[in-house]
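All of these numbers come straight from a predicted model, not from anything done at the bench.
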Amino acid sequence: MALPYTHYNDLSFSALNLKKFGSSHLQPICCLRCNSSVSSSPFTEKHSLQRYERDQWVYNNNNQQRPSLSCNDEAASCSVPADSDSIRLNDISLQLPELRKLLQVLKHKRESCGSQVPKNGLGDVFLVGTGPGDPDLLTLKAVKVIQKADLLLYDRLVSNAVLDLVGPDARLLYVGKTAGYHSRTQEEIHELLLSFAEAGATVVRLKGGDPLVFGRGGEEMDFLQQQGIQVKVIPGITAASGISAELGIPLTHRGIANSVRFLTGHSRKGGTDPLFVAENAADPDSTLVVYMGLSTLPSLAQKLIHHGLPPDTPATAVERGTTPQQRVVFAELKDLADKIKTAELVSPTLIIIGKVVALSPFWPQSLTEVSRLVEV
């Protein structure tokens with residue numbers, strides 16, 4: 001749908017009540033020191049050139065005020081002033097005029113369509129999982145919805161390759177979060193979804209992985225449903241499944257792992273202690289998959305070992321899994337944190353811990369040892 005917005009400059013934006021302004025990509029690493037910043041990120045970094053080029057429409061009235069970017073690397077890592085709440089609020093204030101105009105155009109389209117829109121005049125919201133990064137892992141249903149959307153709100157971990165599939169007339173808006181910088185608060189994201197759905201738009205919320213696995217999709221779904229908005233969830237391949245398949249690691253395996261557990265590595269108030277209780281996770285017959293656990297891994301590993309998990313338990317850490325920039329570290333649990341530090345892995349990195357890791361064809365130990373593990 002073309003969106004020629006003109007003559008709609010005096011819109012009241014009360015609805016948006018912002019309270020504040022096929023081939024393997026495996027690159028295994030054993031003792032290699034590598035600076036991952038040399039290669040371009042497959043994802044949208046918080047102040048990357050791709051982000052501002054992709055969202056250029058939302059700064060149309062502020063060409064003289066757009067963030068000043070200086071890029072030394074064609075890969076898209078751009079330098080801007082240090083993060084602060086004032087920078088975030090200033091960015092939002094620059095976007096508001098164009099968001100107001102788009103909202104008014106969508107309302108005007110809904111009114112002119114008459115009987116072609118639902119009786120309540122409300123649009124649909126889709127929570128779409130885009131998988132761990134490889135666009136070939138998208139479901140057909142996700143691709144269809146992405147291509148027919150009016151507005152797409154996307155997170156940092158939606159890969160650039162996935163965003164290339166968006167229709168030419170759609171509008172993209174970055175609402176990603178990274179440690180120390182949230183381009184939008186969760187409450188602001190809720191209000192954006194609500195405002196455009198009330199205008200009759202087809203709104204797509206793009207999330208890396210699966211929207212209901214550590215994606216806060218449940219919070220957004222609950223908020224919108226309470227406001228009378230229909231929400232449809234399109235699942236995505238969560239990082240645990242996509243990355244383990246890429247490495248040939250079975251998350252469960254008869255006689256080796258009878259269960260798998262997904263854990264968040266996020267800590268309380270940004271500390272180094274994981275949220276979950278490690279003594280309940282230290283099961284040698286289970287596979288542990290840790291999301292967002294790069295900074296808390298040293299503490300987690302110590303606790304798991306303290307509560308009975310063998311120090312030589314096979315483990316792996318995978319940065320930017322399933323993308324061409326994927327990098328992998330294999331190590332025993334007791335050594336994994338040091339190996340990650342040596343390799344200088346960065347977020348997003350998924351961690352898999354358990355005997356099944358040794359079943360990967362890329363596990364550095366001999367095939368004899370792996371066969372013996374299976375026999376045991």
Side-chain angles (χ1 to χ4, degrees), residues 22 24-29 36 41-45 127-139 142 146 154-163 176-179 205-218 220 233-253 257 259-267 274-276 281 286-297 300 314-330 336 340 343 345-354 356-357 359-360 362:
S24 174
H25 304 305
L26 182 68
Q27 296 183 39
I29 299 171
S36 62
S41 172
F43 304 109
T44 301
E45 300 306 328
L127 302 183
V128 178
T130 63
D134 183 352
D136 289 343
L137 295 179
L138 280 172
T139 65
I146 288 172
Y154 66 100
D155 281 347
R156 176 201 169 205
L157 296 184
V158 178
S159 70
N160 294 315
V162 169
L163 293 173
K177 301 183 181 77
T178 56
R205 179 76 170 95
L206 294 177
K207 293 175 175 289
D210 184 274
L212 302 184
V213 178
F214 298 127
R216 303 189 76 163
E220 295 169 2
V233 180
I234 299 178
I237 294 179
T238 189
S241 297
I243 292 173
S244 63
E246 181 85 4
L247 300 182
I249 297 173
L251 293 176
T252 61
H253 192 92
S259 65
V260 58
R261 184 171 179 180
F262 296 170
L263 307 172
T264 172
H266 270 185
S267 58
L275 277 172
F276 49 85
S286 181
T287 303
L288 304 180
V289 182
V290 185
Y291 291 70
M292 304 165 289
L294 207 54
S295 62
T296 58
L297 176 63
L300 171 63
T316 184
V318 188
E319 174 195 306
R320 301 168 175 176
T322 77
T323 74
Q325 294 82 3
Q326 173 175 295
R327 299 195 303 146
V328 182
V329 168
F330 285 98
L336 184 61
I340 289 174
L345 297 191
V346 299
S347 174
T349 292
L350 188 81
I351 297 164
I352 305 175
I353 302 169
V356 291
V357 174
L359 300 180
S360 168
F362 304 106

* Nearest non-hydrogen partners of P132 and A239, listed with the distance ->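 Closest heavy-atom pair between P132 and A239: CB-CA, 4.2 Å.
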
* To do: Test side-chain contact (heavy atoms from CB on, under 4.5 Å) on D155 and L206 and set out the steps.
  => CA-CA 6 Å; D155 281 347; L206 294 177; over 6 Å; no

List for me each residue that meets side chain to side chain contact (heavy atoms under 4.5 Å, CB included) alongside [X], sequence neighbours excluded, and say none if there are none.
| X | answer |
| --- | --- |
| P348 | F43, R156, L157, R320 |
| T252 | V260 |
| A315 | L336, I353 |
| P135 | A161, V162 |

* **Pairing residues for F214 by the ring pair (Phe, Tyr, Trp, His ring centres under 6.0 Å) criterion, not counting sequence neighbours** => Y291

* Give a yes or no answer on whether the side chain of D210 reaches the backbone of T238 with a donor-acceptor pair at less than 3.5 Å. =>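 No: the side chain of D210 does not pair with the backbone of T238.
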
* For the pair Q326 (side chain) and T322 (backbone), establish whether a donor and an acceptor sit closer than 3.5 Å, ignoring hydrogens and angles. =>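 Judged by distance alone, yes, a pair lies under 3.5 Å.
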
* Could you pull out all residues at least two apart from S241 that satisfy side-chain hydrogen bond (donor to acceptor under 3.5 Å, both in side chains)? => none

* **Reported OG-to-CG distance for the pair S360 and L247, which is rounded to 0.5 angstrom** =>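 One gets 5.5 Å once the value is rounded to the nearest 0.5 Å.
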
* Asked: To the nearest 0.5 Å, what is the distance between OG1 (T316) and CD1 (I351)?
  ->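 Between T316 OG1 and I351 CD1, I get 9.5 Å after rounding to 0.5 Å.
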
